[in-house]
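Only one structure is covered here, and it is reproduced in the block below.
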There are 2 protein chains.
Amino acid sequence: MSKILPSIDEYIPHLAYDSVIFGFNGEQLKILILEYHNTGLFALPGGFVKRNENLDDAVQRGLKERTGLDKIYLEQFHTFGDISRPNPAVMRTILEANDHKVEEGNWLLDRFISVAYYALINYNNVEPKPDELSDSINWYAIDKLPPLMMDHGKIVEKALETLRNNLEKKLVGMNLLPSKFTMKELQLVYEAVLGEKLRRTTFQRKILGLDILKRHEKLFTGGAHKAPYLYSFKNKEPIEHY
Amino acid sequence: MSKILPSIDEYIPHLAYDSVIFGFNGEQLKILILEYHNTGLFALPGGFVKRNENLDDAVQRGLKERTGLDKIYLEQFHTFGDISRPNPAVMRTILEANDHKVEEGNWLLDRFISVAYYALINYNNVEPKPDELSDSINWYAIDKLPPLMMDHGKIVEKALETLRNNLEKKLVGMNLLPSKFTMKELQLVYEAVLGEKLRRTTFQRKILGLDILKRHEKLFTGGAHKAPYLYSFKNKEPIEHY
DNA sequence: TATTATTGTCTCATTTTGTTACAATAATAC
DNA sequence: GTATTATTGTAACAAAATGAGACAATAATA
């Protein structure tokens, strides 16, 4: 059972990252949360930085291991560096629940500074995979998160705040939707992120006014009503077949 | 001459901070830049984080040592973590120019991840003090910076970008002006930060509309014209006597 | 062919912003 | 004193952006 722990020789001590991975299921904004074996502890997916690895690459690597997704839109939003934030007791609990013997002074029990990133991914492309210490990884709606360990609750809060503030600017980098989408779907994303309803006509006019969308064929869903157009972002190659 | 180098026992390895300290002289935005002894190298003021010290506190401490200012408006804006960023040769040059013998493997020559902060301070309250390794610290206008070492040029760029994006929101935390100031002075700050001229009447209406200013007595400068009012930010105690 | 739900667009009201104008000063020159 | 000058505070109107509602144009179904 007991796997090999990350070694201090391979990683930079005292430095970690945590990632807030946002996904969208069509109506709600969700986040990927890990649950550790036999501990009842919930946490953000995180990891360590190799000694010869760029910080950004370390996060991409962790994200790929967990979601299978490559070259994801990632944004660093804050570095958490209070002394109070790490909790050796929590770390020890996690490790021991996994049958690791943890000697006093193990680097994993030290103080950690954590660089936090958020990612916007397409919920449907993803097959979440737990890491060695966790028994599950699941999507949770942002208003129904379990209590998170250490300061991970604060990290999520700050991620959401940053995302809300930058929504306009980050629209284009957005990966929450498939490459072709309807105006309605885009509006739902906005509403899920901002947490408020928007007016359809104003929203449509504003988005079209930004001149960042390319219009494609119509989408016939079988509903008894006029069919909406599909759009894609001008700066991205749309994948054919919706 | 040779002072004692910071010891690995006291500080967290591989972790540093750099600060972009903005000041305003009435017309231009300036930044504090260090010059290292006998090297011709220019750098941002930075430092290390003590093992039992909050990250934010470390930056406050460094700022206080360099400017004498306490409890400054500081904002963390990015963490720079590329492997290419540190340059052991540069660090060795700096240390050896200060008559330090640097053994191979010294922690100061390692890779460093740097958390970058910017500060907004009142130019006139400040008596910049160089640190042990530097022979001078000076204000430089943001469009006339000397070539900075390592990635410090990029750090400044990103600081400016962040400041411009957040100007509205950070207005209140602003310390670029004395506690009482005229509308004209405030407009000059905006123009210096944004790098563009603004229209007087629109600016005035907009700022007053935010309802964050308290109006005080008039300021008589001796000019042959109507005297402007002095204002202060509602959330800050104005210091009497302009 | 009528009905229903939803979409794209138009119109008009409201709000915000851009621009100009102008009266109200503080000093100075006469 | 009184005219002159530079700058400020604010009003007034124009232009642009946004809010809110109306409505015709569909895709299905009854």
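Note that this is a predicted model, so its numbers are computed, not measured. Proteins come first, then strands; the chains are lettered A, B, ... in the order of their sequence lines, and each starts at number 1. Both backbone and side-chain heavy atoms feed into the values below; hydrogens, waters and symmetry mates do not.
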- Could you tell me the separation between the CZ atom of A:Phe80 and the NE2 atom of A:His152, rounded to the nearest 0.5 Å?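 Here the rounded value is 9.5 Å.
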How close or far is atom [atom2] of [N] from atom [atom1] of [X], stated in whole angstroms?
{"X": "B:Ile207", "N": "C:dT17", "atom1": "CD1", "atom2": "C1'", "result": "14 Å"}
{"X": "A:Leu198", "N": "D:dG19", "atom1": "CG", "atom2": "P", "result": "9 Å"}
{"X": "B:Lys206", "N": "D:dA17", "atom1": "NZ", "atom2": "P", "result": "13 Å"}
{"X": "A:Met183", "N": "C:dA5", "atom1": "CE", "atom2": "P", "result": "23 Å"}
{"X": "B:Arg200", "N": "C:dA21", "atom1": "CZ", "atom2": "P", "result": "13 Å"}
{"X": "B:Gln204", "N": "D:dT7", "atom1": "CD", "atom2": "C1'", "result": "11 Å"}
{"X": "B:Arg215", "N": "D:dT8", "atom1": "CZ", "atom2": "C1'", "result": "10 Å"}
{"X": "B:Phe203", "N": "D:dT7", "atom1": "CZ", "atom2": "C1'", "result": "16 Å"}

- Among B:Leu32, B:Ile33, B:Val156, find the one that has a side chain to side chain contact (heavy atoms under 4.5 Å, CB included) with B:Tyr140.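 Of the listed options, the one satisfying the test is B:Ile33.
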- Item | Qualifying residues under side-chain hydrogen bond (donor to acceptor under 3.5 Å, both in side chains), relative to A:Ser134, sequence neighbours excluded |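 Listed in chain order: A:Asp131.
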- Bend across the helix from C:dT1-D:dA30 to C:dC30-D:dG1, to 10°, with axes taken over 5 pairs at each end?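 Helix axis angle between the two ends: 20°.
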- Would a line drawn from the ring center of B:Phe77 to the ring center of B:Tyr117 be shorter than 6.0 Å?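 Ring centres of B:Tyr117 and B:Phe77 not closer than 6.0 Å.
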- Ring centres of A:Phe48 and A:Phe112 under 6.0 Å apart?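 Between A:Phe112 and A:Phe48, which both carry aromatic rings, the centre distance is below 6.0 Å.
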Each nucleotide N or O in nucleotides 11-16 of chain C that has a protein N or O under 3.5 Å away: list the pair and distance.
none

- Query: Less than 4.5 Å apart, any side-chain heavy atom of A:Leu213 and any of A:Met183?
  - Reply: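 The answer is yes, as the side chains (C-beta and beyond) meet within the 4.5 Å cut-off.
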- Message: Does the plane of the ring in A:Tyr123 sit parallel, tilted or perpendicular to the ring in A:Trp139? Use 30° and 60° as the thresholds.
- Response: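 The arrangement is tilted - the two ring planes meet at 30° to 60°.
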- Task: Give me the ring orientation class for A:Phe233 and A:Phe181: parallel if the planes are under 30° apart, tilted from 30 to 60°, perpendicular past 60°.
- Result: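 The rings of A:Phe233 and A:Phe181 sit tilted, inter-plane angle from 30° to 60°.
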- In chain order, what residues pass the side chain to side chain contact (heavy atoms under 4.5 Å, CB included) check against B:Glu161, with sequence neighbours excluded?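 Expected list: B:Asn165.
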- When you check every protein heavy atom under 4.0 Å of nucleotides 24-30 of chain D, what one-letter string (B, S, -) results, 5' to 3'? -BBBB--
- Task: Would you tell me if any nitrogen or oxygen in the side chain of B:Arg199 comes within less than 4.0 Å of OP1 or OP2 on C:dG18?
- Result: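 Indeed not, no polar side-chain atom of B:Arg199 lies that close.
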Anything under 3.5 Å between a donor and an acceptor, one on a side chain of residues 17-31 of chain A, the other on a protein residue two or more places apart or in another chain? List them.
| from | atom 1 | to | atom 2 | distance (Å) |
| --- | --- | --- | --- | --- |
| A:Asp18 | OD2 | A:Ser114 | OG | 2.7 |
| A:Ser19 | OG | A:Pro45 | O | 3.0 |
| A:Asn25 | OD1 | A:Glu27 | N | 2.9 |
| A:Asn25 | OD1 | A:Gln28 | N | 2.7 |

- Task: Decide if atom NZ of A:Lys129 counts as having more than 12 heavy atoms of other residues, nucleotides or ligands within a radius under 6.0 Å.
- Result: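 Correct, the count exceeds 12.
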